[in-house]
2 protein chains.
Amino acid sequence: MPRESVPTKTRAPRRRSATSAVTMADVAAAAGVSTQTVSRALRDPASVSGETLQRIEEAVRNTHYVQNFAASHLASNRSMTVAAIIPAISTSIFAETIQGLSDVLLPEGYQVFLGHTDYVAAREEALIRSLSGRRPDGFFIIGTQHTRDATHILKRAGVPVVESWGLTSRPIDLVVGFSNHAAMKTVVNHLADRGYHRLTFAGVMKPGDDRAKERRKGFLDAHGERFPGVEPQVVTVASNSMIMATGAELLDLVRATYPETDAIVFTSDVLASGAVLRCNDLGVRVPADLAITGFGNYDIAGHLRPSLTTVAIASRRIGMLSAELLLARMQNKPVTERVIDIGFELLVRDSS
Amino acid sequence: MPRESVPTKTRAPRRRSATSAVTMADVAAAAGVSTQTVSRALRDPASVSGETLQRIEEAVRNTHYVQNFAASHLASNRSMTVAAIIPAISTSIFAETIQGLSDVLLPEGYQVFLGHTDYVAAREEALIRSLSGRRPDGFFIIGTQHTRDATHILKRAGVPVVESWGLTSRPIDLVVGFSNHAAMKTVVNHLADRGYHRLTFAGVMKPGDDRAKERRKGFLDAHGERFPGVEPQVVTVASNSMIMATGAELLDLVRATYPETDAIVFTSDVLASGAVLRCNDLGVRVPADLAITGFGNYDIAGHLRPSLTTVAIASRRIGMLSAELLLARMQNKPVTERVIDIGFELLVRDSS
DNA sequence: CTGTTAGCGCCTTCAT
DNA sequence: ATGAAGGCGCTAACAG
């Protein structure tokens, strides 16, 4: 550890670094240049002469230097990180979105802080609060509805924010999503066109899931238009997991509650798949006895028999587009569109 | 000798903070205390008198102060972050592991950096290198085989490292996993016991997927024991995605290559499910004509008809246990077990 | 193209 | 229980 050259100090020099005592100063010393030159070589190799660059690169290798981004962040006021906040990581279509986000950001040198809220608004706020302390250069968040304080913190952060998987006329900053309301209306219209007339909406409604609420509203609005005077049928559960077993349970619940139902509109392919498979077990013919629709176009949807009518969402693309918007903002490039509607696609298959 | 202060400010003071000009000093001023007291109040409220604490909390609220963790990190040499490295986020059972990890770490104040490697060793190394610069207080990584340099960086980081989803006698630091080799032997033995005797191993083998390699080896070893002299049958693809369509393709490939096959051992439930559904389409009876086994006990496995024989892995638990080990290390608590084998469970269902 | 200087915002150490 | 001093490792600003 060649760092002793200040004999005039009365106190022993502070040694707090437990790990990696190698600093930029060590590299600079080894290469015979100033720390500034090392810093420049690391961030913009072209700004240093070829010979100097080589010496520095060699010094980096010899010393096993690993740059400390916390110091860099503090000095430059750029953290080179993006905070991503999603409801759940597992069993979730949002994983694809995060992969898309990450696929675009990592090659640009940005790293991703990931947190999940379990669909609880208070947890979302706490997470945003906590992640703000990391001073990310951008935020990515699922959903367009947040607590007052959460919104406030995001706005005060002074960095780009992308809300996603929904649309809103009053975004915090940027939005990449689609209309859950319109998507569900499309499903209802499709079923009505096919002649189904006793529709039931079924799904898991977590308190903090504004996408599910939008979908329910889309169902109700379309139902009112297509079946005026008919009482809409809605069956939801709040605490169940998003698993196929829940879909099977919901099927049973719908059949018990509204036996006259001839089509079930599920909020997710996971639930719809569970229901289709249970129908097969029960001898209920899909779609002859009962039509079933899903949401999300999961892998399974096209492989089930009957194959599942559903709404395809470009989940990965949401992540990639969001990352591109964030990058543009973070690199001070112009962003023309503040709200990007990526749309959706109704995939009519055999279950309806 | 104290350095002289320079009262002659010839230059204007630097102002680099674009965002959140509120610092601890502002809070301290508002509360009429020193920054030190604010710092203490934030990290250990009990170390400050009740009245002072209240004034500080009020000042924090009024100023909208958000602590800067980068500065905290630099000064304390603790980042309160954990880096997590997984092959893929989406369509992946690892998402559950990350959720488990995150569920344990977030409440303790740690935040998670997430990166994915797409099963490419070089990307893993690059990611580890890059994440090291964030000076995480711990690493979590899927797999037990890494490049020389990657291993070296992890060791030099001087923080706890958990490798997972496999076992090794020479861990970098800690391991939480199970034997993929033993799991696959168990599957083969089960099939052999049931009277199947022309087994084919089928799966996606990405170059950097050491779990898949271990599984293949387990298959081959068990096959050699149970069917001495019989040439083992292996059908793998390298570049296909882990989706059901690939399972259907593999089924076709196996039937074309080894028509005498009476049982297919897949490396994943996703593939096995695709194969089962295709068998249903083709009129191939499972398990009468062909037995099929999966791996991972995904949600779908129990709902398929026939239901899928598979190996259950406590994916979420791997994450939680890993987090607990990391926490123990990071908080200087004793860790007795360096290698934790969480085992696996063969679930015999109707497909075999 | 390279070096010097000062400071990013917080925490550790020491003193009271 | 609180305050003062200094430095964590790096980079912006300025000079040459």
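In what follows, every chain begins at residue 1, and chains take the letters A, B, ... in the order their sequences are listed. Just so it is clear, the model here is predicted, and its values are computed rather than measured.
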inquiry  = Within the supplied structure, the quantity of interest is the number of heavy atoms (other residues, nucleotides, ligands) at a distance under 6.0 Å from B:R338 CZ; does it exceed 12?
reply    = yes

Under 4.0 Å between a side-chain N/O of [X] and OP1 or OP2 of [N], yes or no?
X	N	answer
A:T37	C:dG3	yes
B:T35	C:dG9	no
B:S72	C:dG9	no
B:T23	C:dC8	no
B:T52	D:dT2	yes

Rounded to the Å, how far apart are [X] [atom1] and [N] [atom2]?
X	N	atom1	atom2	answer
B:H73	C:dT12	NE2	P	12 Å
A:M24	C:dG3	CE	C1'	15 Å
B:R134	D:dG9	CZ	P	17 Å
B:N68	C:dG7	CG	P	18 Å
A:R78	D:dG9	CZ	P	22 Å
B:L42	C:dC10	CG	P	9 Å
A:M80	D:dC10	CE	P	16 Å
A:N77	D:dC10	CG	P	17 Å

Nearest to the side chain of [X] - [options]?
X	options	value
B:L74	D:dA5, D:dC10, C:dG9	C:dG9
B:S34	D:dG9, C:dG3, D:dG3	D:dG3
A:A71	D:dA12, D:dC10, C:dG9	D:dC10

key: Base of C:dG3 paired with side chain of A:R40 (donor-acceptor, under 3.5 Å)   = yes

ask   = Donor-acceptor pair under 3.5 Å: do we get one between B:Q36's side chain and the base of C:dT13?
value = no

query = Backbone N or O of B:A31 within a donor-acceptor pair of the B:R55 side chain at under 3.5 Å?
reply = yes

task = Determine yes or no for a side-chain-to-main-chain donor-acceptor pair under 3.5 angstrom, with A:S79 supplying the side chain and A:R135 the backbone.
result = yes

ask   = Below 4.5 Å, heavy atoms only, C-beta onward: do B:T81 and A:R134 meet side chain to side chain?
value = yes

request  = Determine whether B:M24 and B:L42 make a side-chain contact, defined as any pair of heavy atoms from C-beta on separated by less than 4.5 Å.
outcome  = yes

ask   = Looking across every strand, which nucleic acid part, if any, lies under 4.0 Å from B:A28 by heavy atom: base, sugar-phosphate, or nothing?
value = nothing

